[in-house]
Amino acid sequence: SKISSIALEHSEKNLKESQKIAQLGSWEVYIKSQEIALWSDQLYSVFGFKPKEKVTIEKILKKTHPEDIDKIYWENWDKIPNDRSKKTEYRIYHPTKGLRYIYSSGLTVKNENGDTHKIIGISQDITERKKIEMELLENQQKWLSLFHNSSEIVKVLDANFNVLDINQLSKDILRKDISLKTYLGSNYFEFLEGGEKLKELVAHKLRKSKNIHFNHRGVLLDSHFKCNIIPLISNKQTEGYIVIETDITDEKNQEIKLKE
């Protein structure tokens, strides 16, 4: 009917728009002949082909990063059980956008004889997501380097002030009779003079400030420290804290001597 035809046309238009926004398209490939049976409109843009250009496996491989070619060969897909999908990520060279990251997922289909003869799938440009992932990884590596090589005592706490991790300098100054295993997971304030009262005071101040500074004396180590606690905020929720400590024992001892 005319109404059905209009509805179908509208549906196809919406699908094309959705694929364009998501930089995603669909495809079908015959395994034995390696012939591409379907290549949706958006994939021409994703892979940098001209509109309506005849797309072949050879052309796709020419665009593929040499180190990733093995990831997209369809030779062994007929060995995959029917209705089982295969997912892969690989890099291509786009003629105008340069290096791009592509995610592809395909599903094998059997013919009437029960033979796997075709793959149907989707491909999506995930370059922006990969850039974010790589930036996060780089930032994480930088943080770990700063964390472990810092000249200050650095500790990572959860939202309840329990110790999750400490840097190398922190480990070096722990007393030998206190194992790292014992310290990790314990409450940070358990080993500070004032303990629970100090914890309550700090928690109260942190509710009103982005970070706080205070001095404290260690129970395990007869030492004095200048402390800075910085909340780790995610989605307006405090997920934990970074604690940076500076040993000020010599300064404190000097003050005591001057008072005497």
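Residues satisfying the side-chain hydrogen bond (donor to acceptor under 3.5 Å, both in side chains) criterion with S33, sequence neighbours excluded, are absent altogether. Remark: K226 engages N215, T246, I248 in a side-chain contact (heavy atoms from CB on, under 4.5 Å) (not counting sequence neighbours). Legend: residues meeting side-chain hydrogen bond (donor to acceptor under 3.5 Å, both in side chains) with Y188, ordered by chain and number and at least two apart, are H216, E245. Residues satisfying the side-chain hydrogen bond (donor to acceptor under 3.5 Å, both in side chains) criterion with E28, sequence neighbours excluded, are K118. Annotation: salt bridge (charged side-chain N to carboxylate O under 4.0 Å, His left out) contacts of E135 (sequence neighbours excluded): none. In this view, H65 and Y93 satisfy the ring pair (Phe, Tyr, Trp, His ring centres under 6.0 Å) rule, not counting sequence neighbours. By the side-chain hydrogen bond (donor to acceptor under 3.5 Å, both in side chains) test, N162 is found to be paired with D158, N187, residues two or more places apart in sequence or in another chain being considered. Residues that satisfy the salt bridge (charged side-chain N to carboxylate O under 4.0 Å, His left out) test with D165, not counting sequence neighbours, are absent from this structure. The side-chain contact (heavy atoms from CB on, under 4.5 Å) check on L201 picks up K205, with sequence neighbours excluded. Under the ring pair (Phe, Tyr, Trp, His ring centres under 6.0 Å) criterion, Y103 pairs with no residue at all, not counting sequence neighbours.
A distance of 6.0 Å separates OG1 in T127 from CD1 in I102, rounded to the nearest 0.5 Å.
Using a 4.0 Å cut-off between charged side-chain N and carboxylate O, E133 and K130 make a salt bridge. No salt bridge links K199 with E190; every basic N to acidic carboxylate O contact stays at or beyond 4.0 Å. A salt bridge is defined here as a Lys NZ or Arg NE, NH1 or NH2 lying under 4.0 Å from an Asp or Glu carboxylate O, and E58 with K62 fails to meet this definition.
Between the side chain of S186 and the backbone N or O of Y183, at least one donor-acceptor pair lies under 3.5 Å.
Ring geometry, F49 versus Y44: the interplanar angle exceeds 60°, so the pair is classed perpendicular (tilted spans 30 to 60°).
The nearest pair of heavy atoms linking K63 to P95 is NZ-CD, 3.7 Å.
For residues 231-252, the ring-ring contact (aromatic ring centres under 6.0 Å, His included) pairs, not counting sequence neighbours, are F161-Y241. Listed by first and then second residue, the salt bridge (Lys or Arg N to Asp or Glu O under 4.0 Å) pairs that reach into residues 43-57 are D41-K52, E53-K59, sequence neighbours excluded.
Checking S40 against W27 by side-chain atom types alone, no donor-acceptor pair falls below 3.5 Å. Side chain to side chain, Y90 and T64 fail the donor-acceptor criterion of an N or O pair below 3.5 Å.
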Checklist entry - Under the side chain to side chain contact (heavy atoms under 4.5 Å, CB included) criterion, do S26 and L38 qualify, and how do the steps go? => result CA-CA 7 Å; S26 53; L38 172 69; 4.2 Å; yes

Item to check | Candidate pair V154 and L169, rule side chain to side chain contact (heavy atoms under 4.5 Å, CB included), full reasoning | outcome: CA-CA 8 Å; V154 185; L169 182 57; over 6 Å; no

